[in-house]
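Here's the structure we're looking at; comments come further down.
This one's a predicted model, so the numbers in the text were calculated from it and none came from an experiment.
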Amino acid sequence: MHVAAHNEGTIRLSRITQITVRETAQALQRSGLAPTISWHTRELFVPRSDLRTLCSALQGYQLTIDAELIEQEKQDARHEESITQIKRVIAEQSETEIARRTLGGFHGARYLDEHQLSAVAIASHPDIFGFCLFDEQGLGKTISTLFAFDRLREQQLIGRMLVICPKNMIMEWERDAARFFPSKYTCETVLGSAREKRRALDRRADIYVTNFETACTQFLRLKELLHSHPHGFLLTIDESFYVKNTDALRTKAVRRLREFARRCIVLCGTPAPNHPSDIVEQVSIADGGVAFRGVKLPPERELALPLVRDILERRAPYLRRRKAEALPSLPKKSFEHVLVPMSPLQCGLYERALDGLITDLEHTGDDAFRRDVMSFIARRTRLLQICSNPAGVIRSYTEIPGKLLALDSLLHELISVRREKVIVWCYFTASLEAILVRYPHFNPVRLDGKVTSAQSRREAVTRFQEDDSTMLFVANVAAAGAGLTLHRARFAVYESLSNQGAHYFQSIDRIHRRGQSRPVEYIALLCGGTIELVEYENLSLKEQMSRTLLRDHDALPPTRATMLAEAREAASLLKRPLR
């Protein structure tokens, strides 16, 4: 039999002796292999991962194996040996005392907590070329990475660092680099127009920080940068769930840039906010695709979860610690949801919108739904927007929505009576602006997509953290859910919810993090008898399911049937027939 590589994950057997294809297939099946048979060409196809079993099953056959396949097997064997060594290093260095001995006389060790010592020891280990630090939010992943870079520089294992992160995180990296290494390293932020970015990349620096958009628009210039130092670059991907989608342009750009970096660290506290498969691309960017090579995941979350979890535990170069274990003295957090009645006009608008959505879903076929799925998703979002503040949908709406009335009493109690600073999270712009207009006496600050200046963002955070007269922080979770420390507050109110699990999970940790000395409380305002209850339950389910992976997961693309069932459930919550 002639054994040759066929395509990814498959090898081809062609007959070169008098033995028949049927006899060969029977021999393989007796050994537990079930080949795919192509009777037209008289060939068999088996998974390439079964090559050793195949050779054992065909010991009495004359086998001719292509040199390409032999080389692939040798490379796979090297990969397996590398995975074993990497997992051994991670397991050993996770022990604080071993990490402390590994770091030896490293001057930066005195600035690090015990869990950060382990992260630095692993990320700067000579045998670790790609590593995922998936510590829960608030455990100082940025600091760990900066000190890992410092140690790698001292050992001359790398020369410079390129950080790719969300735009709102760029100045945080610059701030932390200046705080810990004020005169040792220069940090260049790559922002602005295409010309300004090119000029920034042309300047000599030790650390370059830019956003995911730059990875696409300045790919060739970044590639040149990664080749510009004889010791190579450390590529750091922060908030790596931004590159969870394999087909996204930014994911493809980052994956290619990884090929030109000497080392890579991937950082994320919520690496699988939607589905177990979200984590695959992030791990593959770190390790060059070794851990998940050849793995095909089923689309169903329940089936994919155990497969991904098994590969993570056996093969993936990652470290995950939670605040409960790393910072046991951190105060507890609690969650409460408050059912809010809608105002009369608001309730009528909601009922009509829900009734229309159900009617159209019932009269739309599956093919038509797939064509118009974005329109249906927008209509579902409109229901949530009406629950929050109908003014964002209907300009003529002048009634005070139920949630603003609920906030009146809640903020009076927390701020006016108890003198507590409060964060109010809003998903919809109309709601956010209405809150700012309604509560000027709390001297609020704003942080959402309309606050584009890094300086303005920093000033908003500083005012809330340091100015005793600024009692209210009103923000959008998509714009302010990551990278901010807001622990002057211990109360966070969710006026409206994002349907993105990552946004919600990230926002929780703005107040529950290092430096918080008091128990924190989260209050979700939910319109009673509406689809918001379904949305909140979905978020809770995502959080629960995420804890069974690394402890993190979102919904698959909706089908007409699931959206109709959800809308009907929302209608049943009204406890009265729709018009």
Side-chain angles (χ1 to χ4, degrees), residues 1-88 129-130 246-247 251-252 255-256 258-259 275-277 279-317:
M1 300 296 292
H2 177 220
V3 184
H6 173 62
N7 55 31
E8 183 180 354
T10 305
I11 55 178
R12 180 183 64 218
L13 289 80
S14 304
R15 190 165 59 114
I16 59 174
T17 66
Q18 294 304 310
I19 194 75
T20 67
V21 170
R22 186 184 297 277
E23 289 170 326
T24 304
Q26 290 172 346
L28 296 179
Q29 288 165 359
R30 284 194 297 271
S31 299
L33 296 175
T36 299
I37 302 172
S38 173
W39 292 108
H40 177 68
T41 56
R42 294 294 189 268
E43 294 175 330
L44 297 90
F45 299 94
V46 299
R48 189 160 67 84
S49 59
D50 289 329
L51 179 60
R52 293 187 182 89
T53 306
L54 181 147
C55 293
S56 176
L58 301 179
Q59 280 185 337
Y61 288 62
Q62 177 186 347
L63 297 179
T64 301
I65 302 178
D66 279 4
E68 176 189 357
L69 197 55
I70 293 173
E71 181 56 35
Q72 288 176 345
E73 274 296 292
K74 291 180 179 178
Q75 184 175 345
D76 285 350
R78 289 193 294 269
H79 284 156
E80 292 300 321
E81 183 179 349
S82 173
I83 287 171
T84 301
Q85 172 62 10
I86 287 170
K87 295 297 283 188
R88 184 184 303 119
F129 293 91
T246 301
D247 297 323
T251 304
K252 293 178 180 179
R255 189 192 308 132
R256 289 288 314 282
R258 170 64 180 100
E259 297 173 11
H275 189 275
S277 62
I279 205 169
V280 172
E281 191 63 44
Q282 299 168 67
V283 172
S284 295
I285 287 171
D287 74 352
V290 173
F292 284 94
R293 177 170 290 137
V295 175
K296 302 295 183 184
L297 295 176
E300 297 83 5
R301 179 183 298 169
E302 294 75 13
L303 298 178
L305 192 149
L307 294 176
V308 174
R309 184 173 53 196
D310 177 63
I311 293 171
L312 288 174
E313 296 305 317
R314 291 190 299 105
R315 301 171 60 84

Just wondering, do Pro317 and Val283 contact through their side chains at under 4.5 Å, heavy atoms?
->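 Heavy-atom side-chain distance check passes, below 4.5 Å.
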
Do Val295 and Val280 have side-chain heavy atoms sitting under 4.5 Å apart?
->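 Val295 does not reach Val280 side chain to side chain.
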
Could you tell me which residues satisfy side chain to side chain donor-acceptor pair (under 3.5 Å) with Asp310, sequence neighbours excluded, listed by chain and number?
->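 Here the qualifying residues are Arg314.
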
Can you check whether [Y]'s main-chain N or O pairs, donor with acceptor, with [X]'s side chain at less than 3.5 Å?
{"X": "Arg301", "Y": "Pro276", "answer": "no"}
{"X": "Arg255", "Y": "Ser284", "answer": "no"}
{"X": "Arg315", "Y": "Phe292", "answer": "no"}
{"X": "Lys252", "Y": "Thr246", "answer": "no"}

Residue list, side-chain contact (heavy atoms from CB on, under 4.5 Å) with Ser277, at least two apart or on another chain =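 Counting only residues at least two positions away or on another chain, Ser277 forms a side-chain contact (heavy atoms from CB on, under 4.5 Å) with His275, Leu297.
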
Taking all atoms of both residues into account, what is the closest heavy-atom pair of [X] and [Y], and its distance?
{"X": "Arg12", "Y": "Ser14", "answer": "NE-OG, 3.9 Å"}
{"X": "Leu303", "Y": "Pro298", "answer": "CB-CG, 3.6 Å"}
{"X": "Ile311", "Y": "Ala291", "answer": "CG2-O, 3.5 Å"}
{"X": "Glu281", "Y": "Thr251", "answer": "CG-CG2, 3.3 Å"}
{"X": "Asp66", "Y": "His2", "answer": "OD1-NE2, 2.7 Å"}

Stepwise side-chain contact (heavy atoms from CB on, under 4.5 Å) test for Leu13 and Leu58 = CA-CA 11 Å; Leu13 289 80; Leu58 301 179; 3.8 Å; yes

Which value, rounded to the nearest 0.5 Å, describes the distance between [X] atom [atom1] and [Y] atom [atom2]?
{"X": "Glu259", "Y": "Arg256", "atom1": "CD", "atom2": "CZ", "result": "5.0 Å"}
{"X": "Leu312", "Y": "Ile279", "atom1": "CG", "atom2": "CD1", "result": "4.5 Å"}
{"X": "Thr24", "Y": "Leu54", "atom1": "OG1", "atom2": "CG", "result": "9.5 Å"}

Solution key, residues 27-36 side-chain donor-acceptor pairs under 3.5 Å, sequence neighbours excluded:
residue, atom, partner, partner atom, Å
Ser31, OG, Ala27, O, 3.4

